[in-house]
Amino acid sequence: MYAYTVKAKGTEDTIGMCELSLVDRINGTATLCRIYVDKAHRGKGIAEGMIKQILKFGFEDLKLRRIDLRVYAFNTPAIKCYEKLGFVKEGNIRQFTKFEDEYWDVLVYSMLADEWMRLVGTFN
Ligand SMILES: CC(C)(COP(=O)(O)OP(=O)(O)OC[C@H]1O[C@@H](n2cnc3c(N)ncnc32)[C@H](O)[C@@H]1OP(=O)(O)O)[C@@H](O)C(=O)NCCC(=O)NCCS
């Protein structure tokens, strides 16, 4: 598991984090998870910046071939963020998580190494 954190300027306070887990060096795969930005610091590009850093590490340093993630279907801010970054939707695991008397759908997104390499050239 590899973690990436963002600290508030000039402090040791963590305001953003994400993790690359389930790293499988044989298949060249990993899962991005525990993505969180402190409420007071949202909407400033922190998630976008830290996810790009961990994707760069995964694809360019670890030489992974595929990084995926799961997100609840109702989580519009996160979905927009992943789609902006170029993640491709693979499918919907319907009614995957039970919460009280509801069942929540979970979407699976992924990015492949060649997609990352193409995207890197488009980042400013
Ligand atoms: C999802 C989350 C990580 C986004 O963090 P953030 O730092 O605010 O996101 P950014 O500022 O980097 O935004 C990047 C893009 O995401 C999308 N986005 C972010 N917040 C959004 C919102 N509230 N509504 C719509 N789109 C949003 C936008 O496309 C945005 O790009 P833009 O500003 O150029 O339009 C943050 O809202 C969060 O921590 N949520 C709670 C935890 C969570 O749901 N984690 C994901 C679990 S799968």
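Just so you know, ligand 1 is whichever comes first in the structure, and atom 1 is the first atom listed for that ligand. Excluded from the calculations below are hydrogen atoms, water molecules and symmetry mates; all remaining heavy atoms, backbone and side chain alike, are included. Values in this document were obtained by computation on a predicted structure and should not be read as measured data.
- Within the model, atoms CG of Asp68 and CG of Leu22 stand 8.0 Å from one another, a figure rounded to the nearest 0.5 Å.
- When Pro77, Ala47, Cys81 are ranked by how near their heavy atoms come to atom 6 (P) of ligand 1, first place goes to Ala47.
- The part of Lys44 lying near ligand 1 is the backbone, judged by heavy-atom distances below 4.0 Å.
- Of the heavy atoms in Asn75, only side-chain atoms (C-beta onward) come closer than 4.0 Å to ligand 1.
- Closest non-hydrogen pair, Leu20 versus Phe57, comes out as CD2-CD2, 4.4 Å.
- Between Gly45 and ligand 1, a contact under 3.5 Å exists for at least one N or O pair.
- The ligand atoms of ligand 1 that sit less than 4.0 angstrom from a heavy atom of Ala78 are 1 (C), 46 (C).
- When only non-hydrogen protein atoms are considered, atom 39 (O) of ligand 1 lies nearest to Val37 N, 2.8 Å.
- Where the criterion is an N or O separation shorter than 3.5 Å, residue side chain and backbone included, Thr76 fails it with respect to ligand 1.
- Any N or O atom pair closer than 3.5 Å counts here, and Val71 shares no such pair with ligand 1.
- Atom 12 (O) of ligand 1 has Glu48 N, 2.9 Å as its closest protein atom, hydrogens excluded (heavy atom only).
- If you check each of His41, Lys52, Lys80, Arg34 against atom 29 (O) of ligand 1, the one with the closest non-hydrogen atom is Lys80.
- Heavy-atom minimum distance, Thr29 versus Arg65: CG2-NH2, 3.8 Å.
- In this structure, CG on Leu107 lies 5.0 Å from NZ on Lys89, to the nearest 0.5 angstrom.
- In this structure, Arg42 is positioned above the aromatic face of Tyr36, its NZ or CZ under 6.0 Å from the six-membered ring centre and within 45° of the axis.
- In this structure, the side chain to side chain contact (heavy atoms under 4.5 Å, CB included) partners of Phe74, at least two apart in sequence or on a different chain, are Tyr72, Trp104.
- Residue Ile35 places a heavy atom less than 4.0 Å from ligand 1.
- At least one heavy atom of Arg70 sits under 4.0 Å from some atom of ligand 1.
- Contact between Trp116 and Lys52 at its shortest, heavy atoms only, is CH2-O, 3.5 Å.
- Here Phe96 and Tyr103 keep their ring centres 6.0 angstrom or further from each other.
- Comparing Tyr72, Tyr36, Tyr82 by heavy-atom distance to atom 46 (C) of ligand 1, the nearest is Tyr82.
- Evaluation of the side chain to side chain contact (heavy atoms under 4.5 Å, CB included) rule for Lys84 yields Glu48 as partners, not counting sequence neighbours.
- For atom 35 (O) of ligand 1, the nearest protein heavy atom lies 4.0 Å away or farther.
- Looking at Glu60 and Met117, their side chains come closer than 4.5 Å, going by heavy atoms from C-beta outward.
- The nearest protein atom to atom 38 (C) of ligand 1, hydrogens excluded, is given as Arg42 NE, 3.4 Å; this is a heavy-atom distance.
- Nearest to atom 32 (P) of ligand 1 among the protein's heavy atoms is Lys84 NZ, 3.6 Å.
- At the shortest separation from atom 8 (O) of ligand 1 among protein heavy atoms lies Gly43 N, 2.7 Å.
- Nearest heavy atom pair, residue Met50 against residue Gly16, reads SD-C, 3.7 Å.
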